[in-house]
Amino acid sequence: GSLCMDFQGLENRLLGLFSAITNKNDTRVGAIIGSQLSFHKLCHVVDAICRYRIHDKDTLAELSDIIVKCVQMEQERNIYVHSYYETIFLGGEGAAVFDRFKQKIKLGKGYSERHEEHDITKLHSLSTEMNILCGRIDDFMDHLREIGIVQPEPSLTGEILENDSSVTEI
């Protein structure tokens, strides 16, 4: 369960980045569009729009590393989420081990089955990596704010709220 929640957190961070770079004056447009994209497509579109808007090589290198890591996180998550685990047993150091059972059909090769063992510590490590990646996306967004690519985060001061017609006073 925590792996799914951590992945959703990662997807929401990426959607926030997409929303901010799509239209820095109205992030709702990006949220509407981005919410209809698969995670994989969201990664590709974020990469393309950032490359269109950003010209600094170091910033683009950081973006590229983040996007590659996001795609990798999705692939690793899919192993756990879209697989069947027949048995659970204790490994050498008492950690739970999952026996992944995978069935495939490939054109020209037919049907195949295989078993793989997955240690639960890898699952926890993957969740930790996703949370670290969320922090990197937050830092990247802060950098984009500093260089003027996206709008600064709105403060919660009365002045900002008074000028925001979408906010209704209570």
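Note: hydrogens, waters and symmetry copies are ignored here, and every other heavy atom, side chains too, is used.
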Exercise for review: Determine whether V29 and V150 fall in the same hydrophobic cluster, where Ile, Leu, Val, Met, Phe, Trp and Tyr are linked whenever their side-chain heavy atoms lie under 4.5 Å apart.
Suggested key: yes
**Study point:** Nearest-0.5 Å distance, CD of residue Q103 to OG of residue S112
**Key:** 9.0 Å
**Study point:** Heavy-atom pair with the smallest gap, counting every atom of M141 and G16
**Key:** CE-O, 4.1 Å
Check your understanding: When rounded to the nearest 0.5 angstrom, what distance separates CD in Q36 from CG in L42?
Key -> 11.5 Å
**Study point:** Separation of D56 CG from L63 CG (nearest 0.5 Å)
**Key:** 11.5 Å
Exercise for review: Using side chain to side chain donor-acceptor pair (under 3.5 Å) as the criterion, point out the one residue from H143, R136, K57 that pairs with E62.
Suggested key: R136
Review point. Hydrophobic clusters join Ile, Leu, Val, Met, Phe, Trp and Tyr when side-chain heavy atoms are under 4.5 Å apart, directly or via other members; which others share one with Y111?
Key: I105
Point to revise | Distance (rounded to the nearest 0.5 Å) between N131 CG and L10 CG | key: 9.0 Å
Study note, to complete from the structure: To the nearest 0.5 Å, atom CZ of F18 lies from atom OG of S35 at 9.0 Å
**Study point:** Side-chain heavy-atom pair L17, I66 within 4.5 angstrom cut-off
**Key:** no
Exercise for review: List the steps and the verdict of side-chain contact (heavy atoms from CB on, under 4.5 Å) for R51 and L60.
Suggested key: CA-CA 7 Å; R51 290 183 185 284; L60 289 173; 3.9 Å; yes
Review point. For K41, does the NZ atom sit with more than 12 other heavy atoms under 6.0 Å from it, leaving out its own atoms?
Key: no
Check your understanding: Is it the case that one hydrophobic cluster holds both I147 and Y52, taking links as side-chain heavy atoms less than 4.5 Å apart, direct or via other members?
Key -> no
Check your understanding: Are E116 and R114 ion-paired here, with the side-chain N under 4.0 Å from a carboxylate O?
Key -> yes
Exercise for review: Any chance you could measure C70, atom SG, to H40, atom NE2, to the nearest 0.5 Å?
Suggested key: 12.0 Å
Practice item. Would you mind telling me which of L15, L14, V71, N78 makes a side-chain contact (heavy atoms from CB on, under 4.5 Å) with F39? Key: L14
Review point. Out of H124, Q72, K69, which residue meets the side chain to side chain donor-acceptor pair (under 3.5 Å) rule with E129?
Key: K69
Practice item. Would you sort out whether E76 and K122 count as a side-chain contact (heavy atoms from CB on, under 4.5 Å), showing the intermediate values? Key: CA-CA 10 Å; E76 290 186 40; K122 173 63 177 155; 2.9 Å; yes
Point to revise | Where R77 and L126 come nearest, the two heavy atoms and their spacing | key: N-CD2, 4.0 Å
Check your understanding: Does R13 use its side chain to pair, donor to acceptor, with the backbone of D138 at less than 3.5 Å?
Key -> no
Practice item. State whether the side chain of T22 and the backbone N or O of G30 hold a donor-acceptor pair below 3.5 Å, judged by distance alone. Key: no
Review point. Under 4.0 Å between a Lys/Arg side-chain N and an Asp/Glu carboxylate O for D142 and R145?
Key: yes
Practice item. Over all heavy atoms of both residues, which pair between S19 and A31 is shortest? Give the atoms and the distance, please. Key: OG-N, 3.0 Å
Check your understanding: Do you know which two heavy atoms are closest between G148 and K24, and how far apart they sit?
Key -> O-NZ, 3.0 Å
Check your understanding: Given the rule in the side-chain contact (heavy atoms from CB on, under 4.5 Å) test, do T59 and F140 qualify, once you have shown the distances and angles that lead to the verdict?
Key -> CA-CA 8 Å; T59 304; F140 187 76; 3.6 Å; yes
